[in-house]
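Have a look at the structure below before the remarks.
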Amino acid sequence: MATQRLALRIVNWQRTHGRNELPWQNTRDPYRVWLSEIMLQQTQVTTVIDYYHRFVERFPSVKSLANADIDEVLALWAGLGYYARARNLHACAKTVVDLWQGEFPELAADLETLPGIGASTAAAIAAFCHGQRVAILDGNVKRVLTRYFAIRDDITLTATNRRLWEIAQNEVPSHQLISAQPDAMARYTQGMMDLGATVCTRHKPKCKQCPVQQHCLANELGVPEEFPVKTVKRRDKPVRDLNLLWLTVNGHVLLEKRPDQGIWGGLWCLPTDTNICSQLGLGAAVPMASFAHELTHFRMVITPWRLHHAAASQTFQTLNKNQRWVPLLSLDGYGLPKPVRALLAGIDDR
DNA sequence: GATGCGTGGAA
DNA sequence: TTTCCAAGCAT
């Protein structure tokens with residue numbers, strides 16, 4: 001049985017020193033909480049804020065999102081990355097409408113059955129909206145807990161994560177604490193993330209400002225930055241070459257919808273087969289200067305192949321239904337990968 | 001258990 | 001410039 005020393009201090013600290021004015025806070029609307037949690041997966045708060053506002057404005061309810069076209073959802077998501085989140089977001093909205101009468105389930109265990117919602121996101125929604133006693137375990141919480149308990153196990157291992165989940169669940173506010181403070185679960189959940197994001201940071205943690213400094217083993221050892229332990233297999237960054245056909249005819253550009261699997265899944269993109277223009281009888285494209293697009297696990301080297309065809313009476317033929325001639329003035333309505341958007345906008349992405 | 005998935009910011 | 005990684009999840 002945990003002592004509640006951590007939980008009580010986190011709850012009280014969060015009330016006065018945590019973040020309490022973010023756009024998705026001060027509501028128990030599961031739709032808004034869910035939307036924010038999906039956007040915040042592997043994505044920093046400052047990046048999410050504008051996207052969140054645009055989504056809520058355009059899709060104020062789970063029903064409106066469920067009724068939307070996936071292409072519009074992806075267009076709103078474009079630039080935020082990890083596009084499977086947007087596809088799962090749409091699938092989740094439809095599932096909530098079709099199988100849950102348009103209301104998100106309350107229990108974390110039920111939320112976790114929905115697409116795009118894993119254990120941590122399910123717990124966050126259930127804790128924020130309904131005060132359920134379930135633990136989250138994101139990067140912030142892992143850092144706080146490994147420091148607080150001086151856990152030197154490699155957090156990339158499954159066994160370590162199992163242990164961290166157990167500890168996290170052990171530390172959630174007790175029934176007694178929740179009776180005294182009904183918002184304790186929401187405060188605690190938010191507080192653990194706030195502490196990790198603003199005080200118990202990866203570099204130069206502000207231990208003097210920490211509400212649990214005197215109980216933190218890593219602080220006692222004087223080496224908080226040694227936690228968490230993470231093995232790094234250093235490998236050379238692989239290079240992927242990508243050809244993009246930049247074909248324009250009379251104010252239109254040929255786009256191609258990418259398959260759901262793989263990078264930029266579901267987005268509209270310049271075609272990757274540079275032979276298309278000759279197959280369409282439009283002549284040969286000319287290679288432009290290549291440029292690099294850096295991703296976490298590889299470097300993408302993009303070579304645009306340019307062809308502008310000025311025929312007055314072009315029929316805008318395509319080779320399959322995944323291709324579409326798009327007016328350049330309508331590009332804003334399409335979800336394009338960041339470097340493709342930059343290329344078409346004439347911005348150098350180097 | 002390991003891998004793939006985006007983009008932007010910090011050091 | 002390079003590396004790391006940020007409110008993880010799916011396969």
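Because only heavy atoms are used, hydrogens play no part in the values below, and waters and symmetry mates are left out as well, while side chains stay in. Each chain gets a letter, A, B and so on, in the order the sequences are listed, and its residues count up from 1.
- Side-chain N/O atoms of A:T43 and base N/O atoms of B:dT7 include no donor-acceptor pair closer than 3.5 Å.
- Using a 30° and 60° split on the angle between ring planes, A:W268 and A:Y334 fall in the perpendicular class, above 60°.
- Using a 4.0 Å cut-off between charged side-chain N and carboxylate O, A:D98 and A:K94 make no salt bridge.
- Residues from residues 18-32 of chain A with heavy atoms under 4.0 angstrom of DNA chain B: there are none.
- Donor-acceptor pairing under 3.5 Å, judged by distance alone, is present between the side chain of A:T296 and the base of C:dC5.
- Residue-level contact check: A:R240 touches the backbone only, with heavy atoms under 4.0 Å from sugar-phosphate atoms and none from bases.
- Of all nucleotides listed (C:dC9, B:dA11, B:dG6), C:dC9 comes nearest to the side chain of A:S120.
- Counted by atom type alone, A:T201 and A:R143 present zero donor-acceptor pairs between their side chains at under 3.5 Å.
- If you check B:dC5, B:dT7, C:dA10 against the side chain of A:N88, the one that comes closest is C:dA10.
- Checked against C:dC5, C:dG8, B:dT7, the side chain of A:K230 finds its nearest nucleotide in C:dC5.
- Side-chain atoms of A:Q14 do not come within 3.5 Å of backbone N or O of A:Y188 as any donor-acceptor pair.
- Checking B:dG6, C:dA7, C:dC5 against every side-chain atom of A:Y83, the shortest atom distance belongs to B:dG6.
- One interatomic measurement links the two molecules: CZ of A:R87 to P of B:dC5, which rounds to 11 Å at whole-angstrom precision.
- The NZ atom of A:K237 sits 13 Å away from the P atom of C:dC5 (whole-angstrom rounding).
- The side chain of A:Q41 sits closest to C:dG8 out of B:dA11, B:dC5, C:dG8.
- Whole-Å rounding puts the A:E37 CD to C:dC9 C1' distance at 14 Å.
- At B:dG9, none of the side-chain N or O atoms of A:R202 fall inside 4.0 Å of OP1 or OP2 (strictly under the cut-off).
- When each of B:dG8, C:dG8, C:dT2 is scored by its nearest atom to the side-chain atoms of A:T47, the top-ranked nucleotide is B:dG8.
- Atom pair A:D194:CG and C:dA6:C1' shows a separation of 15 Å (rounding to whole Å applied).
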Walk me through whether A:T303 and A:L242 qualify under side chain to side chain contact (heavy atoms under 4.5 Å, CB included). CA-CA 6 Å; A:T303 304; A:L242 186 70; over 6 Å; no

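- Looking at heavy-atom distances under 4.0 Å, A:G262 makes contact with sugar-phosphate atoms alone, never a base.
- Of all nucleotides listed (C:dA7, C:dA6, B:dG6), B:dG6 comes nearest to the side chain of A:W264.
- Between A:F55 and A:W77, the angle of the ring planes goes over 60°, which puts this pair in the perpendicular group of the 30/60° scheme.
- Side-chain proximity of A:Q190 to the nucleotides B:dG1, C:dA7, C:dC4 is greatest for C:dA7.
- Below 30°, between 30° and 60°, or above 60°: for A:W13 and A:H17 the angle between ring planes is below 30°, a parallel geometry.
- Comparing A:I117 and A:Q44 by the nucleotide of DNA chain C whose heavy atom lies nearest to each, the residue mapping closer to the 5' end is A:Q44.
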